[in-house]
Protein chains: 2
Amino acid sequence: MACEQVFIQQLRERGFRLTPQREIILSVLHEVEGLVTAEEIHRRVQRISTTIDISTVYRTLELLEELDLVSCVDTSEAQRRYELLGIHGPHLHLVCQACGRVIAAELEIARDFDERLRTGYGFQPALDHLSIPGLCSTCAASGASPTQGRGADGVLG
Amino acid sequence: MACEQVFIQQLRERGFRLTPQREIILSVLHEVEGLVTAEEIHRRVQRISTTIDISTVYRTLELLEELDLVSCVDTSEAQRRYELLGIHGPHLHLVCQACGRVIAAELEIARDFDERLRTGYGFQPALDHLSIPGLCSTCAASGASPTQGRGADGVLG
DNA sequence: CTAAATGCAAATATTTTGCAGGTTA
DNA sequence: TAACCTGCAAAATATTTGCATTTAG
């Protein structure tokens with residue numbers, strides 16, 4: 001089922017309403033790639049309808065999160081970032097501390113790690129809800145350094 | 001070398017000054033365990049000297065971060081959390097989304113994961129600078145659910 | 001004595017909330 | 001038409017900054 005259909009169905013089921021604002025915000029989420037801030041969404045939304053307020057964007061994002069259509073992650077920046085789920089399914093986010101680029105990575109590569117957290121610590125990690133700071137290959141090659149944090153100096157030896 | 005000695009030495013080297021406020025803040029960081037917010041630090045600092053302002057706490061934390069004596073992580077809460085480095089060395093933080101508890105975990109368990117990020121994506125992760133959301137064993141057992149986010153439903157199957 | 005640090009207050013920045021009026025089902 | 005949703009404005013929260021004064025070296 002397409003994302004919009006899920007959205008409409010879930011709205012109906014829960015007694016919520018389909019408004020033009022919500023449609024526009026959902027469509028904007030479709031056209032961006034990677035993680036975006038509420039402000040970025042708002043800017044794009046305003047190209048379509050200039051009167052839509054950022055509070056409506058926040059409220060819609062909150063709603064979409066509740067319906068599991070959108071995921072919110074805390075990067076190390078000031079602003080939260082959001083993204084549409086369900087196209088590629090859940091995945092990890094690698095966030096470059098030098099250039100800010102976000103790289104999607106398969107959750108598979110964290111399988112051992114996930115397992116060890118569960119067996120060794122009784123902890124059930126929500127890895128799909130996480131962004132990993134570090135340096136992307138380009139920035140690492142060019143010798144760029146993180147704009148914040150302690151960097152990626154290979155603490156594991 | 002003790003943490004305070006490193007601090008004093010680094011301050012001298014860089015032309016910074018050792019003030020009573022800075023000593024108090026550093027001592028408070030020693031006595032707390034796990035990740036603490038600037039506000040929590042400030043509250044404890046004020047038990048010792050009531051006039052110290054929270055802006056001084058922020059400025060000192062920033063300085064300590066620069067000297068690599070303190071690490072700052074973004075949890076999924078609103079406030080940043082800080083902790084003293086160098087006692088146990090760098091480690092991972094497991095943050096329970098239900099009760100807020102922070103569990104320290106060995107970096108070792110992320111070795112495979114780290115390796116795969118490097119070889120598979122050319123990404124150099126800063127895992128010691130990261131907190132992992134999820135559910136702690138107690139909360140998982142009691143059926144508690146995350147106060148935010150998508151939870152820990154085992155997306156890896 | 002001088003540059004650096006502090007406390008205070010005000011500014012920023014992001015996100016949330018109250019409410020009157022408009023809209024969906 | 002009745003509950004829901006929106007835009008606006010203001011509030012709340014966390015962090016940063018400007019500045020006069022104090023203080024460490």
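Values below: all heavy atoms of this structure, side chains included; hydrogens, waters and symmetry mates excluded. Keep in mind that this is a model prediction, so the values were computed, not measured.
With rounding to the nearest 0.5 Å, the separation of CZ in F16(A) from CZ in F7(A) is 10.0 Å. Between the CD atom of Q10(A) and the CD atom of E66(A) there is a distance of 10.5 Å, given to the nearest 0.5 Å. One distance of note links CD1 of I25(A) with CG of L61(A); it measures 6.5 Å at 0.5 Å rounding. The structure places CD1 of I52(B) at 14.5 Å from CZ of R44(B), a figure rounded to the nearest 0.5 Å.
Rounding to whole angstrom units, CD of residue E23(A) and C1' of dC5(D) are separated by 14 Å. For the pair Y58(B) OH and dC8(C) P, the computed distance is 17 Å after rounding to whole Å. Spacing between atom CG of L61(B) and atom P of dA5(C) amounts to 15 Å, rounded to whole angstrom units. Nucleotide dT13(D) holds its P atom 13 Å from the CD1 atom of I54(B), rounded to whole Å. Going from atom CD of Q10(A) over to atom C1' of dC4(D) covers 18 Å, rounded to whole Å. Atom CD in E62(B) sits about 19 Å away from atom P in dA14(D), given to the nearest Å. The CD-P distance, from Q46(B) to dT6(C), rounds to 15 Å in whole Å. Following rounding to the nearest Å, Q79(A) (CD) and dA14(D) (P) show an atom-to-atom distance of 17 Å.
If you check dT14(C), dG7(C), dT24(C) against the side chain of T19(A), the one that comes closest is dT24(C). Side-chain proximity of S55(A) to dT6(C), dA9(D), dA24(D): nearest is dA9(D).
Heavy atoms of I52(A) sit under 4.0 angstrom from primed sugar atoms or phosphate atoms, though from no base atom.
Taking for each of D53(B) and L18(A) the nucleotide of DNA chain D with the nearest heavy atom, the 5'-most of the two is the partner of L18(A). Comparing R12(B) and G15(A) along DNA chain D, the residue whose closest nucleotide (by nearest heavy atom) sits nearer the 5' end is G15(A).
One donor-acceptor pair, N or O on each side, does fall under 3.5 Å between the base of dA3(C) and the side chain of R17(B). Evaluation of atom-type donor-acceptor distances gives no pair under 3.5 Å for the side chain of R80(B) against the base of dA14(D).
Checking the phosphate oxygens (OP1, OP2) of dA5(C), no side-chain nitrogen or oxygen of R59(B) falls inside 4.0 Å. Side-chain nitrogen and oxygen atoms of Q21(B) include none within less than 4.0 Å of the OP1 or OP2 phosphate oxygen of dT23(D).
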Next on the checklist: Run E108(A) and R116(B) through salt bridge (Lys or Arg N to Asp or Glu O under 4.0 Å) and show every step you take.
Outcome noted: CA-CA 10 Å; E108(A) 291 305 317; R116(B) 282 178 203 167; over 6 Å; no
